[in-house]
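Here the structure comes first, spelled out in structure tokens, and everything after it is commentary.
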There are 2 protein chains.
Amino acid sequence: MTTIEDVAKAAGVSASTVSYVLSGKRSISAPTRKRVEQAIADLSYRPHAGARALASSRTNVIGLMVPLRAGVDVSVVMQFVTGVVTHARQADHDVLLLTQDDAGGLERVAAGSMVDAIIVMDVEADDPRIPILRGLRQPTVLIGLPRDPAGLSCVDLDFEAAGRLGAAHLAGAGHREIALLGPPPEVMARHTSYADRVIRGFRHTRAERSLAAEVEACETTPDGARRAVDAVLGRAPGTTGFLVHNERALPHVLGRLAERGLRVPEDVSVVALCPTAVAMAQSVPLTSIDIPGEVIGGVAVDMVLSRLESKQPAESRLLAPVLTARD
Amino acid sequence: MTTIEDVAKAAGVSASTVSYVLSGKRSISAPTRKRVEQAIADLSYRPHAGARALASSRTNVIGLMVPLRAGVDVSVVMQFVTGVVTHARQADHDVLLLTQDDAGGLERVAAGSMVDAIIVMDVEADDPRIPILRGLRQPTVLIGLPRDPAGLSCVDLDFEAAGRLGAAHLAGAGHREIALLGPPPEVMARHTSYADRVIRGFRHTRAERSLAAEVEACETTPDGARRAVDAVLGRAPGTTGFLVHNERALPHVLGRLAERGLRVPEDVSVVALCPTAVAMAQSVPLTSIDIPGEVIGGVAVDMVLSRLESKQPAESRLLAPVLTARD
DNA sequence: GCCATTCGTCGAAGCGCTTCGACTTTGATA
DNA sequence: TATCAAAGTCGAAGCGCTTCGACGAATGGC
């Protein structure tokens, strides 16, 4: 292993000088810097991450807690992850992967100084991890919005606005009876923050515009989608507008509607709340409200790093939803 | 931050004794051990990962390079990741996430001693990362099979056998004209290891049983699936058996077949090569050859860690494919 | 009853890096 | 020309942990 000492020797300077060349924290004359950089290149030197972390109390690693669990749409998750990783790399950080069911992982990596900061996805309204996060010395950003975000930074799509937007779009297109097909029952039961918020927004617009509007959970299987569609049309046969917040059930919902002789967009309108790519890949390109996973992931990184730099107070950011008409 | 010294003081022993309690590398009397453990609990002490890495040259972190790129089935990827992470945690290791397009990442985390070992997914036949991997001092496991695996450990489903198995199953069901619908063109063009191997196996059985058999890449969009199905049936109208190795195109392939008036399983047979859950979630539960992502990910961890422990030589493991009949 | 082991513990060295004075040199200012 | 500040570099002190060698005490064999 080549060490900073080897580099120093090769460049004819002291180790601290090499360190300052690397960090730029003190000015170094041009010729010296050149020699050091040359030596670094020649020896293909890489600072030892552990030694660096020990001496500087900075690891340049961000912990990311990802839901690898039932009912979560993997492609949405992947988008978030992609956004986080690419942004983190741009800021010269790496990403340590934690899983949702490894609750102790937060404490472990934080107290063990493995990470400088933590990003948590898929937050529930009263998430049990929140007290833990409050106790850590590392800054934290939640993707999602807990009931009480005090002291914690949060970022997410404004799902409540998305619920309103979806309902309003359907109402604006003349539909008086509409329905929200949501995530699978287990996600709803957890009170996953985004699920609840969409419903709230949807109901808000229902009241405001005095629409008839059903809300139904929806499993991701063909059968589950069938049941959900049938349930809604059983209770409210006149339903002609659907807001579907369930990426994986989407094709099956469309399939069931077709089976029942309902054509999209002639007989019923469907608005999808999902990544644009998913809406485009359906049998009919659907009008959709995008879930911009990569963007949100990137923002989360920016927020958490800026909090690291400058001890800024926690803040919440909700991204405005954007609806793109397609059918 | 509480340090090992604090613990030592609280327990009335020296720091080294605490270290030995933690690592078990020397025998410690029961009473002393109890006192130390009590002190650790009281102070909720966590060893500093960086310090530990520096002193022991072990990070207890595994690097995992994941494809976050076009054409890869996210749910399959997620399964691998889940397998790797859960297995790693069981062995008291964490996982650092690297992305495919961050080729320098391998060198960076390895030379910087951020990881003890590396697992690489989605390997191509002549993967440009392979020379890099050979140069690292950390053990490596590839998920996938490069053309020349010498010196590198590999693990994967035996996709060649899966190609044979799929073709043989269709032939056994009486189909004389069959087709393989593969991954998207960009994946085929990369010569991603699994894509090539399925084709090889498929062609092998075609020759062996003198079947008529088409091979066609398939995009994951509805349109792409339509084109692929039409292309096959254009060239070989008598085709009655399909092996589909493309999870995301699967629903659209079925859709297109239905559009053309071909019923599954009455008129044509479809065998899917994908995770079981995906095959079950189609409009008709499909006969399938499972891609056991979690298992493979777990095996990869076992292999890489056992190589860490005991400097064993590299080995390759191919898991036998299992076909489950459904329609 | 003596020597050789084994057991349990400690002290100290060192892992590779950052960072804080402090020192020397140079250039500008009065 | 004398004085001071700034620029550039170095040495040394840690950061918190592991691990090696050493040492006293307890154990066993003869």
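The analysis underlying the following values was restricted to heavy atoms, covering all of them including side chains, and did not include hydrogens, waters or symmetry mates. Throughout, protein chains are lettered first and strands after them, A, B, ... in sequence-line order, and every chain is numbered starting at 1.
Between the CD1 atom of B:I40 and the P atom of D:dG16 there is a distance of 16 Å, given to the nearest Å. The CZ atom of A:R26 sits 7 Å away from the P atom of C:dC20 (whole-angstrom rounding). Straight-line distance from the CG atom of B:L22 to the C1' atom of D:dT19: 14 Å, rounded to whole Å. Rounded to an integer number of Å, the gap from NE2 of B:H48 to P of D:dC15 is 11 Å. What separates CD1 of B:I4 from C1' of C:dT9 is a distance of 14 Å, to the nearest Å. Going from atom CE of B:M1 over to atom P of D:dG16 covers 6 Å, rounded to whole Å. When the P atom of D:dC15 is taken as reference, atom CD of B:E5 falls 10 Å away, rounded to whole Å. The CZ atom of B:R33 sits 9 Å away from the P atom of C:dG8 (whole-angstrom rounding).
Checking the phosphate oxygens (OP1, OP2) of C:dT19, a side-chain nitrogen or oxygen of A:K25 falls inside 4.0 Å. Listed pair A:T17 / D:dC10 meets the phosphate criterion, a side-chain N or O lying under 4.0 Å from OP1 or OP2. Within the structure, every side-chain polar atom (N or O) of A:S27 is placed at least 4.0 Å from both OP1 and OP2 of D:dA7. Within the 4.0 Å cut-off from OP1 or OP2 of D:dT18, not a single side-chain nitrogen or oxygen of B:S16 is found. Note on A:S56: every side-chain N or O is 4.0 Å or more away from OP1 and OP2 of C:dC17.
Taking every side-chain heavy atom of A:S29 into account, D:dT9 is the closest of D:dT9, D:dG21, D:dG11.
Residue-level contact check: A:S23 touches neither bases nor backbone, having no heavy atom under 4.0 Å from any strand. At the heavy-atom level, B:T3 lies under 4.0 Å from the strands shown only through sugar-phosphate atoms.
Each of B:R35 and A:V18 was matched to the nucleotide of DNA chain C holding its nearest heavy atom; the match closer to the 5' end belongs to B:R35. Nearest-nucleotide assignment on DNA chain C puts the 5′-proximal partner with B:A51, out of A:S19 and B:A51.
Listed for the B:D94 side chain is no donor-acceptor partner under 3.5 Å among the backbone atoms of B:V61. B:D302 contributes no side-chain N or O that, together with a main-chain N or O of B:V299, makes up a donor-acceptor pair within less than 3.5 Å.
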query = side-chain hydrogen bond (donor to acceptor under 3.5 Å, both in side chains) between A:S29 and A:R35: does it pass, once the steps are laid out?
reply = CA-CA 10 Å; A:S29 71; A:R35 284 205 327 278; over 6 Å; no
request  = Please step through side chain to side chain contact (heavy atoms under 4.5 Å, CB included) for the pair B:V155 and B:I143, ending with a clear verdict.
outcome  = CA-CA 5 Å; B:V155 58; B:I143 296 183; 4.2 Å; yes
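In the interface, the side chain of B:Y20 is paired with the base of D:dC20 through a donor and an acceptor atom under 3.5 Å apart.
When all heavy atoms of B:A195 and B:V187 are compared, the pair lying nearest together is CB-CG1, 4.4 Å.
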